[in-house]
Amino acid sequence: MPRLHATPITRSFPKTTVVFGLLAATSSLHLQAAPGAAEMVIHADTPQWTIDRHIYSQFAEHLGRGIYEGLWVDEDSSIPNTRGLRNDVVAALKHLQIPAIRWPGGCFADEYHWRDGIGPREQRPVSVNTNWGGVTDDNAFGTHEFMDLVQQLDSEAYISGNLGGGSVQEMRDWVEYLTSDSASTLANLRRQNGRDKPWKIAYFGIGNESWGCGGAMRPEYYADEYRRYAQYVGQANGSLPRIASGSSGEDFHWTDVLMKQAGTMMHGLSLHYYTVPGGWANKGLATSVNEDEWAETLRLTLRMDDLLVEHSKIMDQYDPEKRVGLMVDEWGTWFAPEPGSNPGFLYQQNTLRDAMVAALNLNLFHAHGERVRMTAIAQMVNVLQAMILTDKDRMLLTPTYHVFEMYKVHQDATFIPIAFDTPRYRHGDIDLPMVSVTVSRDAAGKLHVSLVNIDPKESISLRATVPGMTATQVSGRLLTATALNAHNTFDKPDQVHPVAFAGATLHDGRLDVQLPAKAIVTLELR
Ligand code: AHR
């Protein structure tokens, strides 16, 4: 489980002009708000970094019904499948263009022995998933099945190796099995099991939450272990990008030690931060959302901004060229389990509030895209803030799915900075920026503007100039709902879904937007 650290975050959210991604003096960009409309400048004339598509990666762990039932149903299932992977879920996920999938954990990764998951399925051992409900795992879904999922989704693999409960030899052997083109016994074993060519692996994680479920280590000890494992993984495949197990939330000391002791041996350092309204001991239900819970959730999720700033500052000290990526490979909401579900399975519903969390975090990842180069939402199907929920042969797309679908236009696009005085959303003691905006330009020159209005009651008029582009056409899509806890069910799977948005107009290249309350909009400007 993630742990919280006592170190307070001191940085607060900016109260005045926000200039995302511009290092230039902000004074020249200060804006006079026109009566009734909040003004914005979209600086298409000063394009910045590429928004790495891997920010849109996802996490699929052997946890509850995430893999088994959610993705894997076996070849002889009555649920239509391709080589055991359910067709409906794969088709829906494929539409999201998921850049990479992190597997097999999570905490599960540090108790997973890859040899259990290869060879004839009927001969594979049965193990106990001690982290998640103590249920048995017959290892039907192993390396080849995962790589088949990756292939069916046109995605890439992010494999998490077992440092906590495994050995250096076991980890390096997995890498050889996966990626060697030689005639070694392990490479031939892979061939014997049906895969001739080596697989390309996008990332290899060396342990997970090594401060907690992955071995309860101190950072100094883990840093040494990381170096040793990374060395042997590198011997098996020198070009494999290696990811070190990073901090949880505000554990800045962990980041400091890892960067100092092992920074030169890593491609990325992970960060985990969950949005847990009520705290770990008092989590509420996903569907229980009054305005207090709404505001508190969004306050907590926006702390991601402070975390990215603070961890990046530390990384900058050791790596000013930003060679090492900050990989937020677990993020999202964590609510109480749905009544009647196994508490160890982390099955939760997903509402408009989750959609807000997803969009706000993606906006932040774009804005920190110089350092944040990969993230993985937890998790893909049936676990925590999922894209898809399944019930036997039925499935539904969650509001979070729809955000990922609306936002996929930003993948690998160029980040465009904006200058914007956002009004505030205030509720009780909570005071947050009301509107979050992210803008990117794709390879074809189209501009995509995603806007999030977190205020549950107030709509807002926005007016934007776009130096560097004279747009003549605008279209858009809107995700909103009447109730704060609006969600899709198996009987009503289409309660929350994107619709065409007619609230944006262009006048001599200037953009006017009527942004509804509690809404997410993505516009396309041509
Ligand atoms: O995503 C669920 C769990 O959260 C992961 O297994 C672990 O890494 C984290 O504590």
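By convention here, the first residue in the shown sequence is residue 1. Note that ligands are numbered from 1 as they come in the structure, with each ligand's atoms numbered from 1 the same way.
- At a threshold of 4.5 Å between non-hydrogen side-chain atoms, the residues Met147 and Ile201 count as touching.
- Of all the atoms in ligand 1, the ones that sit under 4.0 Å from a non-hydrogen atom of Leu384 are 1 (O), 2 (C).
- Checked by distance only, ligand 1 and Leu346 stay at 3.5 Å or farther apart across all their nitrogen or oxygen atoms.
- Looking at Thr375 and Trp331, their side chains do bring a donor and an acceptor atom within 3.5 Å of each other.
- Contact annotation for Asn208 and ligand 1: only side-chain heavy atoms (C-beta onward) come within less than 4.0 Å of the ligand.
- Between the side chains of Trp174 and Thr143, at least one donor N or O sits under 3.5 Å from an acceptor N or O.
- Annotation: cation-pi geometry satisfied between Arg65 and Tyr347 (NZ/CZ under 6.0 angstrom from ring centroid, within 45° of ring axis).
- Under a 4.0 angstrom heavy-atom cut-off, Phe108 registers as lying outside contact with ligand 1.
- Checking only distances, Trp334 never comes within under 3.5 Å of ligand 1, N or O to N or O.
- Looking only at side-chain heavy atoms (C-beta outward), Glu296 and Ile430 come within less than 4.5 Å of each other.
- A donor-acceptor contact under 3.5 angstrom links the side chains of Thr522 and Ser450, judged on distance only.
- Of the listed residues (Gln379, Met380, Gln385), just one forms a side chain to side chain contact (heavy atoms under 4.5 Å, CB included) with Phe59, and that residue is Gln379.
- Of all atoms in ligand 1, numbered sequentially from 1 with element shown, those under 4.0 Å from a heavy atom of Glu330 are 1 (O), 3 (C), 4 (O), 5 (C), 7 (C), 8 (O), 9 (C).
- Within ligand 1, counting atoms from 1 as listed, the ones closer than 4.0 Å to a heavy atom of Gln379 are 1 (O), 2 (C).
- Distances below 4.0 Å separate heavy atoms of Glu209 from the following atoms of ligand 1: 7 (C), 8 (O), 9 (C), 10 (O).
- Counting the atoms of ligand 1 from 1 in the order shown, those under 4.0 Å from a heavy atom of Glu61 are 1 (O), 2 (C), 5 (C), 6 (O).
- Numbered from 1 in the order shown, with element, the atoms of ligand 1 that lie under 4.0 Å from a heavy atom of Cys107 read 5 (C), 6 (O), 7 (C), 8 (O).
- Ligand-side atoms of ligand 1 in range of Phe59: 1 (O), range being under 4.0 angstrom from any heavy atom.
- Screening Trp72, Tyr158, Tyr112 for a ring-ring contact (aromatic ring centres under 6.0 Å, His included) with Trp103, the sole residue that qualifies is Tyr112.
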